[in-house]
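Presented below is the structure to which this report refers.
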There are 4 protein chains.
Amino acid sequence: MKSVDVDENVVSSSKAAARLRAAAVEAFAENGFGATTTREIAARLEMSAAAMYPHYKSKEELLFAIAYEGHQLTLEWLRAADPVHETPSTRLRAVVGEFAKNQATHHARARVVEYELAALTPEHFRAVAGLRRDVVRLVRQIVEAGAADGSFAVPDVEGVTLAIVSLCVDVCRWFPGGSYTDPDTVAKLYPELAIRLAGAQS
Amino acid sequence: MKSVDVDENVVSSSKAAARLRAAAVEAFAENGFGATTTREIAARLEMSAAAMYPHYKSKEELLFAIAYEGHQLTLEWLRAADPVHETPSTRLRAVVGEFAKNQATHHARARVVEYELAALTPEHFRAVAGLRRDVVRLVRQIVEAGAADGSFAVPDVEGVTLAIVSLCVDVCRWFPGGSYTDPDTVAKLYPELAIRLAGAQS
Amino acid sequence: MKSVDVDENVVSSSKAAARLRAAAVEAFAENGFGATTTREIAARLEMSAAAMYPHYKSKEELLFAIAYEGHQLTLEWLRAADPVHETPSTRLRAVVGEFAKNQATHHARARVVEYELAALTPEHFRAVAGLRRDVVRLVRQIVEAGAADGSFAVPDVEGVTLAIVSLCVDVCRWFPGGSYTDPDTVAKLYPELAIRLAGAQS
Amino acid sequence: MKSVDVDENVVSSSKAAARLRAAAVEAFAENGFGATTTREIAARLEMSAAAMYPHYKSKEELLFAIAYEGHQLTLEWLRAADPVHETPSTRLRAVVGEFAKNQATHHARARVVEYELAALTPEHFRAVAGLRRDVVRLVRQIVEAGAADGSFAVPDVEGVTLAIVSLCVDVCRWFPGGSYTDPDTVAKLYPELAIRLAGAQS
DNA sequence: TATGAATGAGCATTCATTCAT
DNA sequence: TATGAATGAATGCTCATTCAT
């Protein structure tokens, strides 16, 4: 079902655990982690509130599993989408298209993953922050490659990298919205926007 | 004391009320509305937990006052910063510079204002959403003006407007971060990024 | 305005104090002492919640003033209505008529006076219980007189006394109710009922 | 365990629920519903304050269960005690004896049932008021039967019915009191009093 | 007297979690 | 695994009362 590796020590592959994660994502995205009760998550699955505990030791562990899985999947997908031997422009288009599409398709999960990390334990936060840095690094390497070979005109590699990632991340906040309701529309527009930010010829 | 108008029926100008809003902004930004307790807000001011209630009828009303004031201030500041009789490029630079700087300077308030609106009553949410639409409209008018006079090359007015606003909004999520710790640095970079997104000459 | 003496050390005759008692009676009768807030009483008079305190030291003192005044008025009225030199039958009719009419007319006050005494301090309770005993004693003396002169046929003086008082007291619970909405109708029926309970010829 | 039917959708038959009702009856009777805390009820059972909530959704629901059960039991017992094929006098004696004995024996529950209904939701109040009307109707039918066959001399069927019920209801207010401490003594006196109120020969 | 703000104690209720089954 | 009942610790909020004005 999934072609990428997700650390099974963190993210249980059992079916009940996966259903719990899915229900929790919806609830956390709608109301925030702090305002979501374990009973509400259980109610979405017509389970008792206690049924979560054989699968996750606490509500925070459930959030961690979601956040860890979410980041890991994004990272894997971006890596898979990156045509490393092509030109920086081609790579940037491919990666940003995948990223934006992902944030739109999985906007509920993305919201949790982007905005609810403050509720994690310091240790869990560090684990997730590591993956998050890897995502930024992936984009930065492309921007750097373009700056190096002159195909991009960037005043500031870090600023432009930050902006490109920022643009993609924020998709989960507003999508769906305005006339954008199809992830593919976003996936078409965003590579062009990234190219402009990078100051590439096209 | 304040140079812009904020609706005093919503946002009390009393000193105690203002201190409560400031303390709540910090707490909500750090932990989210749902995970913040009224006791925690009071503790930041060394007040009793009950002292909030003569000023705000509920925690939600406090959030509303913050969100309403925040949006209204942003809107007023953007309007004040917009040199309406200049070229679209000049206007875009000015407005985006102000917007980005604002989101950086007041990143705690901005986080509350951008990410905690789901906790509002439907009625309060609508009131805030109205102001939010006005902000987008202000940016869109500039993008449209540039598209109309040919100074911008936009494939899609709505998409580009959304992206520019999105870029500015997301500043509050990551700022301060990376090597960016001064709002003025952001205020210098972001107009250039917006100009690129708009496909303007300079 | 009133022709009977009420202890002014307990029941202030100031106008504001009297208005507070009247508002409190309504509130206590509707919701019970425990469920009534000082704010609710004040709200009925469009006063601030603090405005009660110059007049009554506490909510309990307000209840005491009401209960004391209520009992004292009842006692005075019954004494005034009792034609002590007439036959027991005539006296019983007169006293029960007055008692029943009173409980009907002032059913809100009577409810407070009859059912909310548990909230009084022990000392205050004792003061009110003394007046309450005087009311029963007044009725008992009439029943005893009728039993002594053979005009009443009572199996048990205490039981019949208790029943007559009980019947009158309970008026405040149900009045107005059924087709009884005029205190005078009650005042006509109840003397006949008391006469029957006393086993008098008529 | 119980020989009469009580609606189990309203009044849970679980043991813990029944113990809660019993403890709440004592507390409400002593202090009134409004002045009784959920903690006090729990403390009487040496339970935690939260232990009530799996059984009753709120303090008001607990009151409703008590009031509904109380009225239903009274109604069933009166019906069971009514020898419908005997003379009105015999029936009145039997029903009033049962009623008075009941109000004396269960005076705590009766107090709650008679005096605390104002705290019910309108909907719950209506449900209880329906049962209450059935009790009055039962007594009225006997009084009417006696008036119809000439065995009672009633000036006013409604008034006499009201008085008989009133006399019985009020038992819970004063019992135990005076020299009356045994429900059976009340059960002996009250039928005679009712007979007198009804103007019956015996 | 009267008030608005403040407070300590307390309220009904909910929470995440545990545990016996 | 899953559950219903239970619990200790909150949670948002209210209460009677006080106090400076």
Side-chain angles (χ1 to χ4, degrees), chain A residues 14-17 20 33-42 45-63, chain B residues 12 14-17 20 33-42 45-63 119, chain C residues 14-17 20 33-42 45-63 119, chain D residues 12 14-17 20 33-42 45-63:
Chain A
S14 98
K15 194 171 173 188
L20 277 163
F33 177 81
T36 300
T37 70
T38 54
R39 275 169 173 77
E40 191 193 327
I41 298 167
L45 301 173
E46 294 182 294
M47 282 172 146
S48 80
M52 174 192 120
Y53 289 89
H55 302 286
Y56 293 99
K57 283 197 304 218
S58 69
K59 200 175 86 160
E60 189 270 347
E61 288 244 346
L62 179 51
L63 172 63
Chain B
S12 159
S14 98
K15 195 174 173 185
L20 278 162
F33 177 81
T36 300
T37 70
T38 54
R39 277 168 176 79
E40 191 192 328
I41 297 167
L45 300 173
E46 296 183 292
M47 279 174 148
S48 79
M52 172 191 124
Y53 288 91
H55 302 286
Y56 294 100
K57 284 198 303 226
S58 68
K59 201 175 82 159
E60 188 271 345
E61 288 240 346
L62 179 50
L63 172 63
Chain C
S14 97
K15 194 170 173 189
L20 278 162
F33 177 81
T36 300
T37 70
T38 54
R39 274 170 174 76
E40 191 193 328
I41 297 167
L45 300 173
E46 297 181 291
M47 282 171 146
S48 81
M52 173 191 118
Y53 288 89
H55 303 286
Y56 293 99
K57 284 199 302 224
S58 68
K59 199 175 85 158
E60 190 269 346
E61 289 244 347
L62 179 51
L63 173 62
Chain D
S12 157
S14 99
K15 196 173 171 186
L20 278 163
F33 176 82
T36 300
T37 69
T38 55
R39 277 168 175 77
E40 191 193 327
I41 297 167
L45 301 172
E46 296 182 292
M47 282 172 144
S48 80
M52 172 191 122
Y53 288 89
H55 303 287
Y56 294 100
K57 285 197 301 222
S58 68
K59 200 174 82 156
E60 189 270 346
E61 288 241 345
L62 178 50
L63 172 64

In whole angstrom, give the distance that lies between atom [atom1] of [X] and atom [atom2] of [N].
| X | N | atom1 | atom2 | value |
| --- | --- | --- | --- | --- |
| Y56(B) | dG12(F) | OH | C1' | 17 Å |
| L62(D) | dC11(E) | CG | P | 16 Å |
| L45(D) | dA6(F) | CG | P | 11 Å |
| I41(D) | dG10(E) | CD1 | P | 17 Å |
| K15(D) | dG4(F) | NZ | C1' | 17 Å |
| E40(D) | dC11(E) | CD | P | 9 Å |
| L20(C) | dT1(E) | CG | P | 11 Å |
| K57(B) | dT14(F) | NZ | C1' | 15 Å |

### Task
For R39(C) and for T37(D), locate the closest nucleotide of DNA chain E by heavy-atom distance; then report the residue assigned to the nucleotide nearer the 5' terminus.
R39(C)
#### Entry: Most 5' of E60(D) and M47(B) on DNA chain E, judged by nearest nucleotide
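The residue mapped nearer the 5' terminus is M47(B).
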#### Entry: Rounded distance (nearest 0.5 Å) linking atom CG of L20(D) with atom CE of M47(D)
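The CG atom of L20(D) sits 5.0 Å away from the CE atom of M47(D).
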### Query
If you measure from CD on E61(A) to OH on Y53(A), what distance do you get to the nearest 0.5 Å?
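Going from the CD atom of E61(A) to the OH atom of Y53(A) covers 11.0 Å.
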#### Entry: Complementary nucleotide for dT21(F) - Watson-Crick or wobble, under 3.5 Å
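Across any shown strand, dT21(F) pairs with dA2(E).
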### Nucleotide paired to dG8(F) in any strand shown, Watson-Crick or G-U, under 3.5 Å
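Matched dG8(F) with dC15(E) under the 3.5 Å cut-off.
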### Task
Look at all strands and tell whether S14(A) reaches a base, only sugar-phosphate, or nothing, counting heavy atoms closer than 4.0 Å.
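Result for S14(A) = nothing.
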### Nearest heavy-atom neighbours spanning S12(D) and A17(D)
OG-CB, 3.4 Å
### Message
To check you understand the geometry: which heavy-atom pair defines the closest contact between K59(A) and M52(A), and what is its length?
### Response
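Closest approach of K59(A) to M52(A): N-CE, 3.5 Å.
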### Message
With a 4.0 Å cutoff (strictly under), does any side-chain N or O of T38(A) reach OP1 or OP2 of dA16(E)?
### Response
yes
### Message
Looking at H55(C), I'd like to know whether one of its side-chain N or O atoms comes within less than 4.0 Å of OP1 or OP2 on dA2(E).
### Response
yes
For the side chain of [X], counting heavy atoms from C-beta on, which of [options] is nearest?
| X | options | answer |
| --- | --- | --- |
| K59(D) | dT13(E), dT7(F), dA2(F) | dT13(E) |
| S48(C) | dT3(E), dT17(F), dT1(F) | dT3(E) |
| A50(C) | dT7(F), dC19(F), dT3(F) | dC19(F) |

### Query
With a 4.5 Å limit on heavy-atom distance, are the side chains of T38(A) and L62(A) in contact?
no
### Task
Using the closest heavy atom to pick a nucleotide of DNA chain F for each, name whichever of A49(B) or Y53(C) lands nearer the 5' end.
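Result of the comparison: A49(B).
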### Message
With nearest nucleotide decided by heavy atoms, which residue, F33(B) or E46(D), maps closer to the 5′ end of DNA chain F?
### Response
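Looking at the nearest nucleotide for each, E46(D) comes out on the 5' side.
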